[in-house]
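The structure appears right after this line, and notes come after that.
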Amino acid sequence: MSIMRYIYVLLLFFSSAITFAQDYVPIDTAIFSCSYFYDFQEDSLEKSSVQSEEMTLLIGSHCSLFLGTNELYRDSILLAHSNEPFDQNYLQRIAPLMQGTTIHRYCRYHIYNSYLADSILFTTYLNSRNLKVKENNKINWEIEANQDTVILGYKCLKASTELWGRKYISWFTLDVPISCGPYKFSGLPGLIIQISDTEKQHCFTINKVKDIKGKQQAIYYLNEDYAEITAKDYAKSLQYYFTDLYNRVSSGGFVTFQDEESRARSLNRLKSRNNYIEKY
Amino acid sequence: MKNIKQIPEPQYHFATYTVGFVICLILLFFGSNISGQTIISGRVSGEGNNDGSGISVLAMPSLNSKEILTYSISDNSGQYKLSYTSSSDSVFIAFKSLNFKDTIVGLSNQSQKFDIKLLPDVFEIKEVSVRGNPISVRGDTINYVVNAFAKAGDRSVGDVISRMPGFEVTELGQIYYQGKPIQKYYIEGMDLLEKRYALANKNLPHKSVSSVEVLQNHQPVKMLEDKMASDETSINIKLKNDVAVTGTMYAGAGFSPMLHDINLTPMLFNKKQQIIATWQSNNIGEDLNTQHQPLVFSNGELQGYKNRKPELLGILQLSKPQIDKECYLDNDANLVSYNHLLKIKNGTELKINSSFYHDKTNEEGKVETSYFLDSDTVTFSEITQNKHFNKSLSTDLKITQNEKKRYLTNKFSINKFWDSEEGLIRNQGELVQKAETPHFSLANDFDILLPVKRNFVRLYSFVDYNNSPQHLSFSPGVFEDVLNNGQSYGQTMQNFIERNLVTHNFIQFTLSRKPWIFETEPGIRFEHQELETSIEKDQNLLLADSLGNNLNWNYTELYLSENIRFEKSKLKLSLKLPFNFQNYNIRDKIHTSSGEIHKLLFTPSVNLKYDLNGFWILRAGAKYNQQMGEVSSLTQGYVFSSYRQLKRGIDQLSEKNGMRYNLKVEFKNPISGFFSTLGWSVSYTTNNLLLKQQVNERGLLFYDVVEKDNRSNLQNLSFAINQYLSNWQATVDFKANYSRNKKEYLLNNQLGWLRNKVYAFHPGISVNRWKKVDLEYSYALQIIDQTSQQADISVVDQKHSGSIFYTPEKRHLFGLSGEYYSTKQSGQHNSNVLFANFSYHLKPSKGKLKYKLEIRNIFNHSEMVRYYNSDISLVRSNYSIRPRQFLVTVSLGL
């Protein structure tokens, strides 16, 4: 068992989101599934530092869930194996399935939006702690009259807002009268098809809309012992996480590199992650 | 409820209307409405279990309005509240949701309470799935997925690029994006071919390519990234595999006459090196020169050095018909080229580009030229047969170091041309013209950029040596009145030798204080030129001063150019203030010459780019231009420019002054695949010298230059729109152009104005929607109106072109393409031609070979008619085109 523990710790170490034997509680059934490309600039000063992650929005009749598509895949694997005994074989079975499902640190979260409670629940795992953020989902949108376009065949209208230190322009459609969208964006009279800040550093663009009523895809809530913090504190602790990682890497006690160059490159990369979507 | 006369039970209406939404229009007129805030609130409820929560409630000023006054989303208990300000009498409230029918009601514009019960309905979502949106955006990069635009008949990546919205590929192979030529053509981030990118674009199979990236505002010099914004666009070809061995390999044969078409182009791409080699040989009308010659256009202007061959002399050319070159080019061409890029350490690249081209082309036609003289019109008719022999070798060796800390590049080029041509002209008699136009050039181009604290210093040096001894002969001899006292004689020979050494050196200091950038560039241009011309009559040199030139000159230009730029995220402004001190030292050994000329020129310009929101971009510019003419125009002795034209200059350099203004608006939305540009430009020029043209009744032309201030102006308005329809997988485009110019001319001592108006429209569509059928169609209309003292002319050219490819099953592909041309000249006959080509492609399920059968010019047309105007003449030209031909090609596919 001690070897097992070791592997477990290792896995946790490299991918802090992998926790095993989790308690999944179904809270709704998804009606529609949308997928978005999330293109974001890691480094606010470097235009070429654009990263991309595919995200999924599951829309249920009472709430929606927004998360990385890889995260959804991971959840479904863990869920499928959740009844199995937590032994050495379990890890051997799970680990290969998890390969290649890395998720950028900026996209590691589950965002639940409850239409009824008008609230957003953001859960994540950072610095060895399960964290949650509760927020109101009210956003003050300004619909810009007579601005329209067609995206992916949906007639879209334009709305704008200012949130978390950025100005956003969103294109939503009345063709899908669901007050949902990517990330924490919602509250428009239709689905958000595309949203981006005016500097184009964070862009969500829809690329798939599917009706999954027949699929019985549950929206799960991961029941953990979460510490509640504010959104602002999360943004801060994310910054702390990168700084801490940077210090650990630069002091050499964490990872050894082949040569100075790859060490410098890796440090540079860590330093350049300075542009989380929420900046206060 | 007091404001509403009657609220019918909604169910009643829902039952009668099977349409998705119901309008109950209840309007009450309580006089005019006071325009203040209106509050409408109420409760939405549904039947059974479905409560009325989460319903989108929208207030709109009219029924089909795009405008939304306000909206609300009903809460847990179905309550909604709308508050807005509107001056109209009525307002429409829409209820939209997943579980109920869409419902719209009209109410008077009064604060009121309005409850509604909605009928249940099952909402059908419109599903979409884009397997990677064919066009996606990431910051400044727009990504086009090649598969989404490829059609059945396509072979190379260039075929596909030409169809992507926003792109345009010219016949010469030059790529334009949003109406501007691209700056770099990278393959996997490496610039192997530079301005010879047509070679890759025409031969890289699109099946090896995953996507084409458009790099907007791309700065190719790594050192300047993030420091100096660039307004240029480059493209990068992303391959499917990191390491790729690919290319084109095919051989074809046909008749008649005997035809061959061979292309062997292996390519290798990996992280360390790239190689493209080619051997191509054909006589089927495919012009290989476009893959041999570097494109020297950048920014829409001719840039870079004069490495190409100057055409000092030449036989009389036929004007080419405005149809696909493949329809008429009678060639026998060979091209061998080797291009190798090797990455060595520290971001250093070594590169060799070597290319040899050999071609024999024939052209045949009949030309009818009418000169409009005061009293009458003189018309000449001649039948021309020309043969061109082109042979040239061009080699570039280049070393580049492009790093964050240093930029260095040195390029050494050798170009040699062994060109000659020969023509037979039949009018009343026969005349043979022969020209030999060789050219040799050696050039070196050095560029280094060094950082000095936060700023830069750039050193640039360019040296070019050119030698072109060219000859042109006519037999029997021409201009016998002038050269042989009216007696006929055997042969006239024009010699023209030009040798020069050209250098350009500058230092550039860049001082960057964001958002300001100051570039100071002192530089020197120096040229030593030698020019000699003479005329021989039956191998005897004619010694008359008026028939020869011997000029030597040194040209020194000292300049100081100050470039001030202001760059904020949305606004880019640049102001150029160049001062040029030009010094000519001319020695004319035959004629008297002005000797020394000094001139100070100041040519400021200002340019502005404003990026409104990523969708809209506005550009504007103004430029004052002052330009001295070429010293080579100071040839005071006559030179034959054709067997009917003698030309000479005067002892004065021409001086042009002018203003140019331009304005361009671009709108693009790559997400919805929409691209458009609207551009306008106007320029006014005055010139102190005017060309004096004299035509005698035998059609002989004398060109002299007289001192006379004269003006010209040019206006141009262009519009282009391009839309990708994802539902139809179709690209629709429309281009329109209007231009107007006006200039003075002098013909037989009479001064006149020439006015030209050109209208052009060009809509097109390409559909990729069906599995088995691909369609493409375009139409082009061009109307030219020309007015001069002598004649009013109008020419209407029309062209319909279309193609259809049909794939009944995977192995077979049938293609039919057609072009219909119609040209009409006022007072002349219509001329219409229909071209059609057929092709059948077979790819057996086993093996890698592919077969293609083609029939070209099915209706076997033999000539094309074209009308065109010069300022003093109207020309009708009949050009012989390639007859019906059959061709079978075997290719090794990927």
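Proteins come first, then strands; the chains are lettered A, B, ... in the order of their sequence lines, and each starts at number 1. Values below: all heavy atoms of this structure, side chains included; hydrogens, waters and symmetry mates excluded.
- One finds the OG atom of A:Ser52 at 10.0 Å from the CG atom of B:Asn143 (value rounded to the nearest 0.5 Å).
- Shown here is B:Arg406, whose CZ atom has no more than 12 heavy atoms of other residues, nucleotides or ligands within 6.0 Å.
- At most 12 heavy atoms of other shown residues, nucleotides or ligands fall within 6.0 angstrom of atom NZ in B:Lys238.
- Heavy-atom neighbours of B:Lys404 NZ from other residues, nucleotides or ligands within 6.0 Å: above the threshold of 12.
- Heavy atoms from other residues, nucleotides or ligands lying under 6.0 Å from NZ of A:Lys213 number more than 12.
- When all heavy atoms of B:Ile73 and A:Gly187 are compared, the pair lying nearest together is CD1-O, 3.5 Å.
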Residues 169-177 of chain A, side-chain donor-acceptor partners within the protein, below 3.5 Å, at least two apart:
from     : atom 1 : to       : atom 2 : distance (Å)
A:Thr173 : OG1    : A:Lys155 : O      : 2.8
A:Thr173 : OG1    : A:Asp175 : N      : 3.0
A:Asp175 : OD2    : A:Lys155 : N      : 3.3

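- In this structure, CD1 on A:Ile143 lies 10.0 Å from CG on B:Leu69, to the nearest 0.5 angstrom.
- Neither the backbone nor the side chain of A:Phe40 comes within contact range of chain B; no heavy atoms are under 4.5 Å apart.
- Of the listed residues B:Thr70, B:Ile55, B:Leu58, the one with more heavy-atom pairs under 4.5 angstrom with chain A than any other is B:Leu58.
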